[in-house]
Amino acid sequence: MTGSLFKHAETATPSPVSVLTAENLGKAGITNIADAVRSVSADGAGSIGTGFQGGFSAGGSAVSLRGVGVSSTVVLVDGLRSTNFPLNDDGHNAYVDLNSIPITNIERVEVLKDGASSTYGADAIGGVVNIITRKHIVGVEGGVEGGTSQRGDASKYKAHIAAGYGDYSSQGFNVYVTGEYEHDGRVSNHDVGFPFNTLDLSSIGGKDNNRADDTLTTATPDAIVTRVHQTDLNNPLAGSVTNATKPALFQTLSPTCPYGTFTVNTASQIGTACKHNLQDEYRQILPLQERYGFSARLSFRVSDAIEGYVTGSYMHDRVNIIAPPNAIRQLQAFGASPSTATSNPGIVLPVYICSSGTNCATAADRKLNPNNPYAAAYASDPANGAARIYYLFGDMKSGSSRTNQVYRISSGLTGHFGDSWDWKIDGVYARDNLGITDYGWGNNAGVIKAVNTGSYNFVNPKANSAAVRQAVAPDIFTKSNSWIATIDASLSRTLFTLPGGDVKAAIGGQFRRESLTNNSRNPNLDVDGLNTSAAFGKRSVSAGFFEVDAPILDQLDVNVSGRYDHYSAGYNHFSPKVGAKFTPVKWVSLRGTYSKGFRAPTFAESNPRSSYAGFSNYTPNAAFIAAHPNNPAYSTVYSLGSGATGNPDVKPEKSRNFTLGAIFQPKSAISFTVDYFNIKKSNLIVGGPLGGAARTAYYSVAGNNYASAAAAAAAGCAAVAAVGAGYSCNAIDAADPFSPNALPRVLIINVPYVNADYEVISGLDFAAQAAVPITSDLRWTVRAEATKTIKFNLHTNGEVQRYAGTLGPQELSSGNGTPRWRGNLQNSFEYGRFTLTTTTYFVGRMKEVAADEGSLDLSCSAALYVAADGSDKFCHVRSFTYTDVNLNIRVNEKFDFFATMGNAFGAHAPIAPAGYTSSPNYLTTWHTPGLIGRTFRAGANFKF
C-alpha cells in the first residue's frame with residue numbers, strides 16, 4: 001500500500017488512503033489519468049487542468065492534494081518517481097504532467113492523503129498519488145468510443161488495445177503491450193455563449209468591462225490611429241506621449257467594421273472605431289488535445305525465490321491553444337531595455353516609407369505611407385504627421401502548439417532468502433521532451449521594418465501574404481526537457497512476534513539524479529510581451545530510509561518510519577513519521593499519524609540562471625482611477641507582474657502533518673471513514689511575500705500632483721523600494737496620453753525569492769463505500785468521498801491571510817480559489833447484464849475575495865468584483881453540482897457496450913466575474929463541465 005514499505009489493506013493503514021480502481025473509472029466514464037486523479041475530493045487549490053490555457057505551464061495537468069500546491073504533491077508510477085514537466089506552474093512550481101501517463105494498463109490509483117516524506121522524500125507534503133499498473137495481461141482486449149456535446153462540439157474519440165501472452169503461474173513469464181489514442185475537440189467561448197463569452201455583464205446588473213466597444217485606445221483587429229509627434233523619423237518607437245491635438249482625433253483604418261461601430265465625443269477624445277468582443281471572437285474554453293501512447297511489460301520468474309520485470313512506456317500529448325491576437329503595442333520582454341517597448345510611449349506609423357526601411361524621410365525612393373492617413377497632409381512636416389497605432393494582429397494565427405513526449409523505462413527484481421528476509425531493487429529512467437511553437441508574436445526588428453517599409457497592410461490586413469506575416473511574426477519554436485534517473489533498494493524481514501503479531505522491519509536506500517532545461521521562449525529578448533521564463537539545474541539526491549511495523553496488541557498497531565535525504569546542493573533533511581491504529585472493537589478503529597517533511601527548492605527557485613515574471617489580475621485604487629478620468633482602458637483591471645530570479649540561498653520548506661481519524665466497518669462490504677488533517681508548512685519559498693504591500697505602496701501616491709509621469713513613477717517606485725530589500729519597479733507603462741502627468745501603471749515589480757512565513761491547512765476527509773445485494777438479481781454499490789477545508793491560513797508579516805472558501809490564494813490557484821467543500825458520490829446498480837452508474841461531483845460556493853490581493857478584509861465590501869449598483873450581488877460564486885450517467889450492457893464474456901451522458905441534468909456553471917479575463921466569468925478548475933453542458937458518448941469493449 002502506498003505510504004508503506006509493507007503491504008496493507010486500504011483501511012488497515014494509519015494514514016488515509018483512497019483507491020480508484022479501473023472499474024471505478026470505467027463506470028465514471030473517465031478516459032485519462034488527468035481526469036481520474038483530479039476527480040479526487042482532496043485535490044484542492046492550485047490544481048491544474050488542461051482548460052487553463054493562460055498560465056506558464058499551459059497544456060499540462062497536475063494535482064494539488066490538500067491545496068498545498070502541485071510542487072508539494074508527489075506522483076509515482078508503481079511506487080517510483082517520474083520526471084517533472086519541463087514548464088513550471090507560476091514560473092517556479094514543479095510537477096509531473098498527468099497527461100503524460102497512459103491509462104490502458106492501469107490497475108488502480110492510490111491516493112495517500114497524508115505526509116509521506118519519511119518514505120518518499122521531498123515534496124510529499126500534501127500527499128502522494130501512486131498509479132499502479134497491471135502486472136499481467138493474457139489475451140487481447142480493447143475498446144473504442146466516441147461522442148460529442150449537445151451543441152456538437154467537445155468531441156471525444158478514444159481507442160485502446162492490449163495484448164499479452166504467458167501464464168505467469170505455470171510458465172513463469174508474461175509479456176504484454178498496450179496502445180491508446182484519444183482526441184478531445186475544441187470548445188470556444190462563442191459556442192458556449194453568455195455570460196462566458198464577454199466582459200460585459202451590464203445586462204444582468206454587472207459592470208461593462210469590455211473596452212473593445214467603447215474606448216478608442218483599446219487595440220482590436222481593426223487598427224485605429226491618432227496623430228502625434230515623432231522625435232526620431234528613423235525610429236517608429238519615438239512617438240510622443242502627448243497627442244498632437246486636444247481633443248485627440250482618432251481615425252479607424254478599416255474600411256468596414258463587421259460588428260458595427262461606436263463613437264466617442266468628449267473633451268479629450270473624438271473618433272469612431274470598430275466594435276469588438278474579443279472574448280467571443282477568440283477565446284476557447286477547451287483547447288484541441290490529442291494523446292497517444294504505448295506501454296509494454298515483461299514479468300519473469302528467475303527462480304522460486306527471485307522475480308523480475310522490465311516495463312516501458314511512451315506518451316505523446318499535443319495541445320493546440322488558440323488565443324486572442326497579440327497587440328502591436330507591447331511591454332518590453334522581462335529583462336530587456338524599456339527602450340525596446342512598442343508601448344512606451346507607443347509605436348507610430350511614419351509619414352514616409354522606403355524599400356530599405358532606414359532614413360525613409362530622406363531616402364531617394366521614399367513615398368507616402370499608405371497606412372498613415374495623415375501622410376499627405378504632413379508631407380512637408382513629417383515630424384508632426386506620425387500616427388500612433390492601436391492594433392491587434394488579427395490576420396495572424398495566434399496561440400501555441402505544445403507537444404509533450406515522455407519516455408519511461410523501469411526494471412526491478414524482488415526476492416527472498418532465509419526464513420523471513422525479503423529484498424527488492426528497482427531502477428527507473430524517465431525523460432520529458434517538450435516542444436512549443438508560439439504563433440503571432442511580433443518580432444521587434446520585423447515589426448519595425450514592416451512599419452518603415454510599409455510591407456504590412458494595416459488598412460486591409462487580409463491582403464497580407466504569408467511571407468509578410470512570417471517576416472513580422474515568425475513562428476517561434478522552443479525545446480525544453482527534463483529527466484530523472486533513480487535506483488531504489490530495500491531489505492525487510494520479520495524480527496519477532498508480539499501479542500498482536502509479527503514485528504516487521506525494513507531498511508532501504510535511494511539515489512537519483514534530476515535535470516531540467518526549461519529554455520526561454522524569448523532568449524534574445526527581442527519579442528516584446530512574450531514569456532521569458534526559464535529554469536535550469538541538475539542535482540543528485542541520496543537517501544536512506546527505514547520502517548518498523550509493530551502490532552503490540554491485537555487491538556493496537558504502531559508504525560514508525562524515517563528517511564534522511566542529502567542533496568548535492570548542500571542541504572540535508574531527516575523526515576520522521578509515526579502512526580498508530582487502535583481497534584477497541586471489531587468494527588471500529590481509531591487511527592492517527594504525526595510526521596515531518598520537506599519540499600526541496602525547485603530549480604526555478606534556487607538556480608540564479610532561472611527567472612520568471614508571474615502575472616495576476618489587479619485593479620488600481622480609486623485615486624488612480626480618478627487621476628485618469630478620460631481613459632477607461634488605462635484604469636481598468638489589468639495583469640500586474642512579479643519578476644523573480646533564482647536564489648541559491650533559499651532553503652527547503654519544512655512541514656508538520658498530523659491526522660486523526662476513525663474507521664467504521666460493521667460488515668466486510670460496508671465501511672465509513674472520517675479523518676481530520678492539519679498541515680503546517682513553514683519556511684515557505686516565496687516570490688515576494690510583500691508583493692501585495694509593494695503593489696499597494698506604488699499606488700498609494702496616485703492622488704498626488706506631479707510635474708510629469710516620470711516624476712510620479714519615481715515616487716511610486718520609491719514607495720515600493722521602502723517595502724523591503726529586493727523590491728523595486730521593473731517595468732512602468734507608458735504615460736496616459738490623456739493624463740500625461742498622472743501616475744502611470746506599474747507593469748512588473750521585482751520581488752525576491754526568500755524563505756518566509758508559514759501556512760496552516762486543516763480540514764476533514766470523509767469516505768464511504770458499500771456493496772449491498774438488494775435482491776438475488778439486483779446489487780447496489782456506492783462509493784463516496786468528501787473533503788472540507790476548515791482552514792487555509794497564510795501567516796505573513798504579522799498578518800493572517802485566510803483563503804478557505806475564497807478565491808485566494810490568487811497566484812497559487814490561478815484565480816480559481818479554495819472551495820471549502822468538494823466531494824463525489826458514485827452509485828452503481830447491477831441487474832443481470834445491465835449496470836447503471838451515476839457519478840455526482842460537488843464543489844462548494846466561494847466568496848469573490850482574496851486576502852493576497854492587498855486587503856485582509858473578507859467582507860463583500862472587499863469583493864474583487866462589485867455589481868454596477870455597488871451591491872454584493874456577485875459577492876459569491878455559488879456551489880456547483882453535476883452528474884454523469886453511464887449504462888453498460890454486457891453481451892457476453894467477450895463483449896460489452898456502454899453509453900455515457902456527461903452532466904446528464906444540464907447543470908450550468910456558476911458565474912464568477914472575478915475570474916481571470918482569459919476565462920471570462922468562470923473558474924476553469926472547478927466548473928468546466930457546466931460550460932460544456934450535456935455530452936453523449938457510446939462505445940464497446942472486447943476481450944478474448
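As a basis for the values below, the full set of heavy atoms in this structure was taken, side chains included, without hydrogen atoms, waters or symmetry mates.
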For I33, the option from V77, N99, I103, V75 that meets side-chain contact (heavy atoms from CB on, under 4.5 Å) = I103
Tell me whether the guanidinium CZ or amine NZ of R745 lies under 6.0 angstrom from the six-membered ring centre of Y638 and within 45° of its axis.
-> yes
Axial cation check for Y439 ring with K397, 6.0 Å and 45° limits | yes
Mind checking salt bridge (charged side-chain N to carboxylate O under 4.0 Å, His left out) for R469 and listing every partner two or more places apart, or none if nothing turns up?
-> D395
Salt bridge or not for R599 and E605, using N-O below 4.0 Å?
-> yes
State the CG-CG distance between L530 and N326, to the nearest 0.5 angstrom.
-> 8.5 Å
Report yes or no: is the cationic atom of R431 (NZ for Lys, CZ for Arg) closer than 6.0 Å to the six-membered ring centre of Y407, at no more than 45° off its axis?
-> no
side-chain hydrogen bond (donor to acceptor under 3.5 Å, both in side chains) with Y95: which residues, sequence neighbours excluded?
-> S57
Per side-chain hydrogen bond (donor to acceptor under 3.5 Å, both in side chains), E514 is matched among R81, K538, R539 by R539
Please name all residues satisfying side-chain hydrogen bond (donor to acceptor under 3.5 Å, both in side chains) with N444, sequence neighbours left out, ordered by chain then number.
-> D528
What residues form a salt bridge (charged side-chain N to carboxylate O under 4.0 Å, His left out) with D97, not counting sequence neighbours?
-> none
Those residues that, when tested against T31, pass side-chain contact (heavy atoms from CB on, under 4.5 Å) (two or more places apart) = E145, K156, K158, E182, R937
Are D438 and R521 ion-paired here, with the side-chain N under 4.0 Å from a carboxylate O?
-> yes
Mind checking ring-ring contact (aromatic ring centres under 6.0 Å, His included) for F603 and listing every partner two or more places apart, or none if nothing turns up?
-> none
With sequence neighbours excluded, tell me which residues meet side-chain contact (heavy atoms from CB on, under 4.5 Å) with A535.
-> N88, L516, N518, A604, S610
Sequence neighbours excluded, which residues qualify as side-chain hydrogen bond (donor to acceptor under 3.5 Å, both in side chains) partners of Q810?
-> none
Would you say the side-chain atoms of D565 and H573 include a donor-acceptor pair closer than 3.5 Å?
-> no
Qualifying salt bridge (charged side-chain N to carboxylate O under 4.0 Å, His left out) pairs, either residue in residues 57-73, two or more places apart | R66-D765
Partners meeting salt bridge (charged side-chain N to carboxylate O under 4.0 Å, His left out) with K681 (sequence neighbours left out) | E653, E759
Can you list the residues that meet the side-chain contact (heavy atoms from CB on, under 4.5 Å) rule with S642, with sequence neighbours excluded?
-> R695, V751, E811
Listed by chain and number, what are the side-chain contact (heavy atoms from CB on, under 4.5 Å) partners of D488, not counting sequence neighbours?
-> L80, T486, Q510, F545
For the atom pair OG (S100) and CG (N84), what is the distance rounded to the nearest 0.5 Å?
-> 9.5 Å
